[in-house]
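Single-structure report; data block below.
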Amino acid sequence: MKNLFIFSYFQRLTIVLLFLVLWSCKKTEDTQVPANEDITKAHLLLGNPSNAQANVSMPENYLLERPQFALSYSKSRAIPNWVSWHLSKAWIGSSDRQDDFRPDENLPTDWYAVRTSHYTGSGFDRGHNCPSADRTATVADNSATFLMTNIMPQSPDHNQGVWARLEDYCRTQVEKGNELYIICGSYGSGGTGSNGFASTISEGRIAVPANIWKVIVILPEGKDDLNRITSSTRVIAVNIPNKQGVRNDNWGDYRLSVDDIERRTGLDLLSKVSQSVQNGLESKVDQGGTQ
Ligand code: MN
Ligand code: MN
């Protein structure tokens with residue numbers, strides 16, 4: 001029985017203290033996690049619009065989830081179907097624009113790897129779905145937006161004009177004390193860039209979408225976001241043709257209902273919101289301010 005008392009009083013005290021220290025470290029770690037406990041899950045908190053899955057047998061609806069955003073990718077179009085992300089103060093910082101456009105190594109290796117050079121001379125911008133300026137808390141966050149799976153061929157007037165002002169408007173809402181859930185996507189075939197109309201670029205490998213849309217859910221900063229979305233939550237839905245000549249347009253003039261986007265794309269947006277609230281929110285067209 002002597003073996004049971006192999007540890008001296010001092011050794012036993014040391015072991016107890018060690019456990020206490022480890023336990024308190026764990027507590028500290030828990031309390032440091034931001035309001036949305038799992039940042040990756042937050043991007044799909046309001047739903048996965050096409051039930052995308054990280055499954056190579058679903059090449060037209062292939063789910064990529066990263067800390068900065070989640071997306072559904074189309075292998076044949078070589079652009080995302082949609083990209084979904086949470087935007088709050090926590091994502092905005094002072095990191096510089098990295099401009100490191102590059103192929104996404106998280107795609108299956110035998111899929112066409114879109115490179116920045118595939119856009120060169122095409123007459124279309126490398127258009128971000130999740131904007132660079134929405135991800136400036138760290139260099140890694142900003143750099144993630146330059147993965148080519150987040151990029152689509154976007155007409156320069158669209159990208160640099162009307163769309164850029166909508167992106168700015170979203171960040172202004174964050175500055176005013178809100179947090180946002182944003183889904184951006186594109187559909188249809190063919191747009192007009194600075195060299196004229198094209199349905200594809202890069203020798204037919206990359207689709208040029210006809211329309212680019214965005215759905216924005218705006219909540220005052222807080223917790224338990226899904227459950228505080230009500231029929232009076234502001235939801236902005238916009239759909240703008242991917243063409244030249246829209247640079248100076250007001251994005252507010254392109255508002256439509258979420259139902260309308262769902263009809264055009266076949267997606268189910270905001271699917272995690274209770275059906276009755278979803279029905280009410282999705283049938284309305286936003287009438288709020290645009291400045
Ligand atoms: Mn852009
Ligand atoms: Mn829906």
Side-chain angles (χ1 to χ4, degrees), residues 69 71 77 79-85 87 91-92 96-99 101 116 118-136 142 145-146 148 150-176 178 180 182-201 206-218 234-258 260-261 264-265 285-291:
F69 48 83
L71 64 85
R77 288 166 68 79
I79 56 174
N81 300 304
W82 52 260
V83 180
S84 187
W85 68 100
L87 181 59
W91 290 103
I92 312 275
D96 289 332
R97 185 181 165 95
Q98 297 299 305
D99 263 325
F101 291 100
T116 182
H118 296 152
Y119 279 64
T120 307
S122 69
F124 291 93
D125 284 357
R126 294 163 297 188
H128 282 76
N129 281 254
C130 178
S132 162
D134 280 13
R135 291 291 180 261
T136 54
N142 186 261
T145 70
F146 291 90
M148 295 304 286
N150 181 45
I151 304 297
M152 61 192 157
Q154 188 174 12
S155 95
D157 280 357
H158 195 294
N159 179 41
Q160 299 164 28
V162 63
W163 206 247
R165 286 191 298 280
L166 176 58
E167 291 172 345
D168 282 341
Y169 183 80
C170 290
R171 288 185 293 272
T172 304
Q173 294 308 304
V174 173
E175 282 164 28
K176 289 181 174 170
N178 299 299
L180 282 58
I182 305 175
I183 312 135
C184 176
S186 59
Y187 68 92
S189 179
T192 308
S194 55
N195 302 338
F197 181 85
S199 51
T200 59
I201 62 170
I206 305 170
V208 176
N211 281 76
I212 301 171
W213 56 269
K214 187 168 268 186
V215 170
I216 304 149
V217 176
I218 304 177
R234 186 174 182 200
V235 178
I236 303 171
V238 167
N239 187 31
I240 306 182
N242 187 21
K243 63 179 190 184
Q244 293 291 74
V246 297
R247 183 175 292 262
N248 299 316
D249 289 359
N250 180 351
W251 59 261
D253 295 340
Y254 290 95
R255 283 177 285 189
L256 72 177
S257 68
V258 175
D260 230 334
I261 295 181
R264 291 161 197 239
T265 60
V285 177
D286 176 63
Q287 306 289 330
T290 62
Q291 299 290 319

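This structure is a prediction, so every number in the text was calculated from the model and none was measured.
Judged by distance alone, the side chain of T192 and the main-chain N or O of K243 form no donor-acceptor pair under 3.5 Å. Between the Q154 side chain and the D125 main chain, no donor and acceptor come within less than 3.5 Å of each other. Without hydrogens or angle criteria, N242 side chain to P153 main chain gives a donor-acceptor distance under 3.5 Å. A donor-acceptor contact shorter than 3.5 Å links the side chain of R255 to the backbone of G252. Judged purely by atom type and a 3.5 angstrom limit, Q98 uses its side chain to pair as donor or acceptor with the backbone of D96. Side-chain atoms of R165 come within 3.5 Å of backbone N or O of D249 as a donor-acceptor pair.
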I236 vs W251, side chain to side chain contact (heavy atoms under 4.5 Å, CB included): CA-CA, chis, key distance, verdict: CA-CA 10 Å; I236 303 171; W251 59 261; 3.8 Å; yes
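Using a 4.5 Å cut-off on side-chain heavy atoms (C-beta onward), I218 and L180 make contact. Here the side chains of P131 and W85 are in contact, with some heavy-atom distance below 4.5 Å. The shortest side-chain heavy-atom distance between P156 and R247 falls under the 4.5 Å cut-off. Side-chain contact between N178 and L87: absent, with no pair of heavy atoms (C-beta onward) separated by less than 4.5 Å. Looking at heavy atoms from C-beta onward, W163 lies in side-chain contact with V238 at the 4.5 angstrom threshold. The side-chain heavy atoms of I183 and W213, taken from C-beta on, include a pair separated by under 4.5 Å. Between E167 and D134, the closest side-chain pair of non-hydrogen atoms is not below 4.5 Å.
Interatomic distance, CG of D253 versus OG1 of T290, reported as 8.0 Å (0.5 Å rounding). Summarising the geometry, atom CG belonging to N239 is positioned 10.0 Å from atom OH belonging to Y254; distances are rounded to the nearest 0.5 Å. One finds the CZ atom of R97 at 12.0 Å from the OG1 atom of T136 (value rounded to the nearest 0.5 Å). Atom CZ of F124 is separated from atom OG of S194 by 8.0 Å, given to the nearest 0.5 angstrom.
By the ring-ring contact (aromatic ring centres under 6.0 Å, His included) test, H118 is found to be paired with Y112, residues two or more places apart in sequence or in another chain being considered. Taking S189 as the reference, S199 meet the side-chain contact (heavy atoms from CB on, under 4.5 Å) condition, with sequence neighbours excluded. Under the side-chain contact (heavy atoms from CB on, under 4.5 Å) criterion, N129 pairs with P80, V83, N150, M152, C184, not counting sequence neighbours.
Residue V285 comes nearest to S257 through the heavy atom pair CG2-N, 3.7 Å, listed as atom of the first residue, atom of the second, then distance. Residues I216 and C170 share a closest heavy-atom pair of CD1-SG, 3.6 Å. Shown here for S155 and Q244, the closest heavy-atom pair between the two residues is OG-OE1, 3.2 Å. When all heavy atoms are compared, the tightest approach of G289 to R234 is O-NH2, 2.8 Å. Considering all non-hydrogen atoms of both residues, I79 and P209 come closest at CD1-CD, 4.1 Å. Taking each heavy atom of A133 and I92 in turn, the nearest pair found is O-CD1, 3.8 Å.
Annotation: cation-pi pair R126/Y119 absent, no NZ/CZ under 6.0 Å from the ring centroid and within 45° of its normal.
A donor-acceptor pair shorter than 3.5 Å can be found between the side chains of N142 and S132.
Between F101 and H128, the ring center distance clears the sub-6.0 Å criterion.
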